[in-house]
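Here the structure is laid out as structure tokens; the discussion comes afterwards.
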Amino acid sequence: MTEPYDAVGVIRTKRDGGELTSGQIDWVIDAYTRGLVAEEQMSALAMAIFLNGMSDAELSRWTAAMIASGERLDLSGVTRPTVDKHSTGGVGDKITLPLAPLVAACGAAVPQLSGRGLGHTGGTLDKLESIPGWRAGVSNEAFLRQLDEVGAVVCAAGAGLAPADRKLYALRDVTATVDSIPLIASSIMSKKIAEGSAALVLDVKVGAGAFMRDLAGAQRLASTMVGLGEAAGVRTVALLTAMDTPLGRTAGNALEVAESVEVLAGGGPADVVELTLALAREMVSCAGLDVDPAEALRDGRAMDVWRQMIAAQGGDPLAPLPVARERHVVTAPASGTVLALDALAVGTAAWRLGAGRSRKEDAVSAGAGVVMFAKPGDTVRAGEPLLELHADDPARFDGALAALAGGIRIGDGPAATAALLIDRVAAF
Ligand code: URA
């Protein structure tokens, strides 16, 4: 079969600042998925897009072509209103864990197809896999049944969902083309739209530990994603939230599960509770339900759903969680106020302790991570414990300590702590 376009011509158009036609976009995504467009050609095209951007028309066609590269789930048989959430990724971001059962307890169905972590931000599946017996793989039938009966499923996305993105994201990771607004927006939204949920709430992180370090960039990313979602018929809202310091008091797989269970039990750190409730209110409202999520958290219904959700995937919600073999305490070098605890430094430390992976084939340690005894705004005395590092292998402590160097500032207060909820972007 003769091909209607050639890769070099498509790359040249974009390289020279031209606009790709719908035909060129449909062809290049399809041909790349089929292996006809080579990795080096897609690398060049990704870099041309990184440098020259995309028009609105190009971006919506690019996203549609990525969706069309695979299957689109049909959730029309689910009896509850469907609503999903996506976070652009942050350190200590365990929010999906209490959020999915909480929103399900309010009457919605939450289909969360998640990934594993790469780099300094952990993956939701890695966290849940620290629960004894829990399985990330779920068949299509079991997925739909669990959505209806329990109301929440957090599981691995199948290979059939937006396969073009799977290839392209791996390529962008090694060609310095990840942090491009059109490429991030189309990557996230193609997967989320293919997932078939009727509504979507986005948590777009802003700050030192996020993709988007500045507010203007995060606002542009949020409105681009909201526009793509709405155009595809998915009711979409974005909250912009701070990611200068880690969320909560733990970063690491089992450590974050334990903290999430505390939230479901009515306790937990104030920032994790605040963000969980803010996202839950948006999700419940997008799903058209008139209920207060705080009530479902308070009266234990969210905890009941959590236990059902874990048990439905083979996990034992009451089993003790794995604990790392070794600990190392970092003490405060001086008395004063904690002025900064840098999210990227803590995320990198947790990763080096074994909580994250460098290559997608690597295994992660369930017990490894960082416990934070003090956060920005807290006062500490010299010699008091600030952080506790957890690892299976004590040889990992030096690398983690090096990552933390310069990431903790103690001085005369008060700390300039930014509000957690920064902005809301929606088309309605
Ligand atoms: N997450 C994704 O799925 N894609 C991106 O491009 C960035 C973050």
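Bear in mind the structure is a predicted one, so any value in this text is a computation, not a measurement. As the structure lists them, so they are numbered: ligands from 1, and atoms in each ligand from 1. For the single chain, residues carry numbers from 1 onward in sequence order.
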* To do: Evaluate salt bridge (charged side-chain N to carboxylate O under 4.0 Å, His left out) for R12 paired with D16, printing each intermediate quantity in order.
  => CA-CA 6 Å; R12 189 182 299 117; D16 294 345; 5.5 Å; no

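Ligand 1 places these atoms under 4.0 Å from at least one heavy atom of S187: 2 (C), 3 (O), 4 (N), 5 (C), 6 (O). In summary, the atoms of ligand 1 found under 4.0 Å from a heavy atom of F211, numbered by their order in the structure, are 7 (C), 8 (C).
For atom 3 (O) of ligand 1, the closest non-hydrogen atom on the protein side is K191 NZ, 2.4 Å.
Ligand 1 has no nitrogen or oxygen under 3.5 angstrom from a nitrogen or oxygen of D165. Residue-to-ligand polar distances keep H86 apart from ligand 1: every N/O pair is separated by 3.5 Å or more.
Atom CG of D290 sits in a sparse spot, with 12 or fewer heavy atoms from other residues, nucleotides or ligands closer than 6.0 Å. Annotation for D214: atom CG counts as buried by contact number, over 12 foreign heavy atoms lying within 6.0 Å.
Both tests pass for K167 against the ring of Y32: distance under 6.0 Å to the centre and angle within 45° of the axis.
Taking a 4.0 Å cut-off on heavy atoms, I188 registers as neighbouring ligand 1.
Formation of a donor-acceptor pair under 3.5 Å by the Q313 side chain with backbone atoms of R135 is found in this model.
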